[in-house]
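Chain letters run A, B, ... following the sequence lines, proteins first and then strands; every chain starts at 1.
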Amino acid sequence: MQEPDSGFDSAAWDRQQVEIRSKVITTDTFTWRVEAGVSQDKLRLVGGLDISFRVDQSERERAVACLVVLSLPTLEVVHEATLNLVMPHSYRPGYLAARECPAYMQLLTAVKATPFCPQVVLVDGFGILHPRGCGSASHVGVLADIPTIGVGKNLLHVDGLTEQHVRCCMRAAGEGTRIPAAAGDAMLPTCHPNGSITMPLVGLSGATLGMALTANAGVQKPVYVSIGHGISLSTAMEVVRCCCLHRVPEPIRQADIRSRQHLRELLDAGV
DNA sequence: GCGACAG
DNA sequence: ATCTTGTCGC
């Protein structure tokens with residue numbers, strides 16, 4: 001019996017992830033600022049990448065990848081590009097980039113030749129918060145040589161981090177009750193003036209792998225921000241925070257909405 | 001062996 | 001990720 005994904009070489013992807021991880025830069029590699037003074041470059045164009053999937057009538061897994069570029073501070077979409085795909089193999093935890101990175105690279109390569117090349121790109125998934133320190137946001141950031149930030153909606157359980165513990169601490173912070181001391185005192189949530197809560201994601205190794213963020217007081221479930229490539233965690237948080245209208249930051253939310261709609265139109269047309 | 005596992 | 005309508009609330 002032939003296995004469904006017998007062509008998938010996870011050992012080869014392991015090696016590539018380790019290789020790319022060694023090239024990830026975790027400090028700011030640009031001169032722009034989110035809050036810029038008069039004589040400084042300002043952050044104006046933020047990208048968002050996401051993919052929607054669906055099985056078609058021929059049992060093929062189809063997908064549409066979408067890149068959007070938003071202008072700050074209005075968060076209006078000034079550029080959109082999509083790419084239609086037939087997925088060669090199924091999803092595997094830890095190997096998201098194997099599925100999504102090729103499409104992302106094509107979209108980013110194309111946008112670089114336009115006036116809408118984003119200064120930083122938010123990627124649906126994780127960056128260095130990953131079993132080998134190289135999630136899809138880091139992968140695409142290094143290969144495309146562009147600053148990236150990983151934004152995940154569900155926590156990857158890496159280095160002892162669990163969604164249960166994170167949410168317990170953030171809920172306590174929101175209610176003003178005592179923070180559980182289970183993972184030491186490194187993971188202390190911060191409550192912000194606008195009602196949002198942030199909390200460092202510190203693994204058992206002591207490394208800070210990212211930040212949990214609830215965008216505003218009405219949001220219970222956090223999103224998880226991690227460095228992709230070429231940006232510091234504190235700057236990444238500034239970027240993500242100024243993109244938050246809803247739980248999911250606007251660039252990723254728009255890429256999600258538009259890729260889903262495009263895919264639906266594609267399949268409804270029987271293509 | 002058991003549980004966990006981005007999208 | 002996706003299969004799926006209405007509904008409660010700001």
> If you look at every strand shown and take non-hydrogen atoms under 4.0 Å, does Thr162(A) touch a base, only sugar-phosphate, or nothing?
Replying inline: nothing
> Would you say Ser52(A) reaches dT2(C)'s phosphate, i.e. side-chain N/O to OP1/OP2 under 4.0 Å?
Replying inline: yes
>> Distance check needed: dA6(B) C1' versus Leu122(A) CG, whole Å only.
In response: 15 Å
>> What's Gly152(A) touching, base or sugar-phosphate or nothing? Going by heavy atoms closer than 4.0 Å.
In response: sugar-phosphate
> CG of Leu85(A) versus C1' of dG7(B): gap in Å, rounded?
Replying inline: 14 Å
> Atom CG of Leu161(A) to atom C1' of dA4(B): distance rounded to whole Å?
Replying inline: 13 Å
> Which atoms form the tightest heavy-atom contact between Ala65(A) and Leu107(A), and what is the distance?
Replying inline: CB-CD1, 3.8 Å
> At under 4.0 Å, does any side-chain N or O of Asn154(A) touch on OP1 or OP2 of dC5(B)?
Replying inline: no
> Are Phe53(A) and Tyr91(A) close enough that their ring centers fall under 6.0 Å?
Replying inline: no
>> If I take atom CZ in residue Phe126(A) and atom P in nucleotide dC5(B), what distance separates them, rounded to the nearest angstrom?
In response: 11 Å
>> Whether Arg260(A) contacts dA1(C) is assessed here as follows: a side-chain N or O lying under 4.0 Å from the phosphate OP1 or OP2. Is that the case?
In response: no
> In whole angstroms, how far is the C1' atom of dG7(B) from the CG atom of Leu263(A)?
Replying inline: 14 Å
> CG of Leu156(A) versus P of dG7(B): gap in Å, rounded?
Replying inline: 8 Å
> Phe53(A) near the nucleic acid: base, sugar-phosphate alone, or nothing, with a heavy-atom cut-off under 4.0 Å?
Replying inline: sugar-phosphate
>> Please tell me whether Ser196(A) and Asn216(A) have a donor and an acceptor in their side chains that are separated by less than 3.5 angstrom.
In response: no
> Looking only at side-chain N and O atoms, does Tyr224(A) come under 4.0 Å of OP1 or OP2 in dA6(B)?
Replying inline: no
> Within this structure, what is the CG-to-C1' distance between Asp56(A) and dA1(C), rounded to whole angstrom?
Replying inline: 15 Å
>> Heavy atoms only, 4.0 Å cut-off, all strands: where does Arg62(A) land among base, sugar-phosphate and nothing?
In response: nothing
>> Please check if the number of heavy atoms outside Glu163(A) that lie under 6.0 Å from its CD is greater than 12.
In response: yes
>> Tell me the interatomic distance from Tyr95(A), atom OH, to dA1(C), atom P, rounded to whole angstroms.
In response: 21 Å
> Is it true that Asp50(A) and Arg258(A) make a salt bridge, defined as a side-chain N closer than 4.0 Å to a carboxylate O?
Replying inline: no
> dA6(B), dT2(C), dC5(B): which one has an atom nearest the side-chain heavy atoms of Arg54(A)?
Replying inline: dT2(C)
